[in-house]
Protein chains: 2
Amino acid sequence: MNIGQAAKQTGLPAKTIRYYEDIGLVKAPRHDNGYRYYAEHQLQQLGFVARARNLGFSVDECRSLLGLHASTSRSSAEVKAILKKHLDKVDRKLRELQAMRESLVKLEQACPGDQDPDCPILGSLAGSKE
Amino acid sequence: MNIGQAAKQTGLPAKTIRYYEDIGLVKAPRHDNGYRYYAEHQLQQLGFVARARNLGFSVDECRSLLGLHASTSRSSAEVKAILKKHLDKVDRKLRELQAMRESLVKLEQACPGDQDPDCPILGSLAGSKE
DNA sequence: ATTGACTTTCCAGTAACTGGAAAGTTTAGT
DNA sequence: ACTAAACTTTCCAGTTACTGGAAAGTCAAT
């Protein structure tokens with residue numbers, strides 16, 4: 001299977017698949033003509049990475065997870081440790097976004113959104129009442 | 001006031017202040033020796049940008065907001081439109097992160113995290129039950 | 001005069017792709 | 001057989017918003 005087909009199967013753009021090979025994440029053997037060849041194993045790996053990326057894991061975390069997946073001497077504790085660390089990051093980001101959201105909603109409600117130049121959003125950004 | 005003092009006042013790293021000048025966001029006049037000079041006006045602008053960035057506005061959105069702030073012919077509707085668009089993005093991102101979080105928590109709970117190689121996290125990433 | 005703390009510019013690197021150019025390959029149609 | 005479309009290859013550049021570091025100039029104090 002060539003890269004285009006693999007792209008369809010995995011939902012990843014061909015560009016991204018090539019990129020993953022460039023950085024040594026998922027390697028594919030070549031045909032005689034130089035075209036990359038994707039068999040079941042490579043498709044599995046690409047799917048694995050795609051799912052991990054969808055969960056927000058970084059490419060480097062994906063690399064570690066793929067490594068553990070391939071290792072016979074792994075422990076589920078190692079995998080869980082990676083996940084926990086990532087989950088912490090997600091939680092931090094969530095709190096950050098929630099705080100932003102609250103401020104933004106308040107500003108949105110305070111602003112009339114009319115033709116008048118008077119704007120509490122700009123006022124707040126300019127540091128009023130600070 | 002030199003850049004170091006301005007950095008302390010605004011909480012922005014000096015590097016970042018120089019960067020903002022590079023991209024034409026907040027310009028500062030120079031002393032005879034070439035050092036940047038920060039007066040009240042520049043400090044206001046930097047503070048404005050810092051607050052907008054903390055609310056998650058992109059640098060380009062900051063540019064637009066600064067422009068509106070400086071304009072006498074603005075309407076609060078224009079400002080609010082930028083905010084709304086940004087808020088939409090924040091909301092999308094929040095939902096995305098919340099979905100990730102839920103999946104991650106489920107996987108965390110399913111994984112024993114012991115010395116055994118058997119791991120439902122890897123199983124799920126590998127596409128089991130799909 | 002020399003140290004230390006500033007400051008300047010410029011170049012490179014970060015994360016994870018994405019777009020586009022130029023060139024080679026394969027396939028379908030005539 | 002010829003050609004045009006559809007793939008594929010590599011390589012280079014651009015994206016976002018900085019951040020780190022090097023080499024060099026400046027300033028204040030000893």
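These numbers come from the heavy atoms of this one structure, side chains and all, not from hydrogens, waters or symmetry mates. In what follows, chains carry the letters A, B, and so on, assigned in the order in which the sequence lines appear, proteins first and then strands, with residues in each chain numbered from 1.
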Please examine the side chains of Asp91(B) and Leu97(A), heavy atoms only from C-beta on, and report whether any two atoms are closer than 4.5 Å.
no

Between residues 9-23 of chain A and DNA chain D, which residues have a heavy-atom gap below 4.0 Å?
Lys15(A), Arg18(A)

Spatial distance of atom OG (Ser75(A)) from atom CG (Asp118(B)) [nearest 0.5 Å]:
12.0 Å

Rounded (10°) bend between the five-pair end axes of the helix from dA1(C)-dT30(D) to dT30(C)-dA1(D):
20°

Rounded to the nearest 0.5 Å, what's the gap from CD1 on Ile3(B) to OH on Tyr38(B)? Could you check?
4.0 Å

Spacing of Lys80(B) atom NZ and Leu107(A) atom CG [to the nearest 0.5 Å]:
10.5 Å

Measure CZ/Phe57(A) against C1'/dA16(C) and give the value in whole Å, please.
17 Å

Test your reading of the model: is there a side-chain donor-acceptor pair from Lys84(B) to the backbone of Glu108(A), 3.5 Å cut-off?
no

Which of residues 26-56 of chain A have a heavy atom under 4.0 Å from DNA chain C?
Asn33(A), Tyr35(A), Arg53(A)

Nearest listed nucleotide, side chain of Ile3(A), among dA16(C), dT8(C), dT9(D)
dT9(D)

May I ask you to say whether Arg30(A) pairs ionically with Glu21(A), meaning some side-chain N is under 4.0 Å from a carboxylate O?
yes

Just by distance, with hydrogens left out, do Asp114(A) and Ser76(B) show a side-chain donor and acceptor under 3.5 Å apart?
yes

Say you draw a straight line from CG of Leu83(A) to NE2 of His86(A); how long is it, rounded to the nearest 0.5 Å?
7.0 Å

Charged N to carboxylate O under 4.0 angstrom, Glu61(B) versus Lys89(B)?
yes

Mind calculating the distance between NZ (Lys8(B)) and P (dA5(C)) to the nearest angstrom?
12 Å

Taken to the nearest whole Å, CG/Leu25(A) to C1'/dA16(C) is 11 Å

Salt bridge or not for Lys85(B) and Asp88(B), using N-O below 4.0 Å?
no

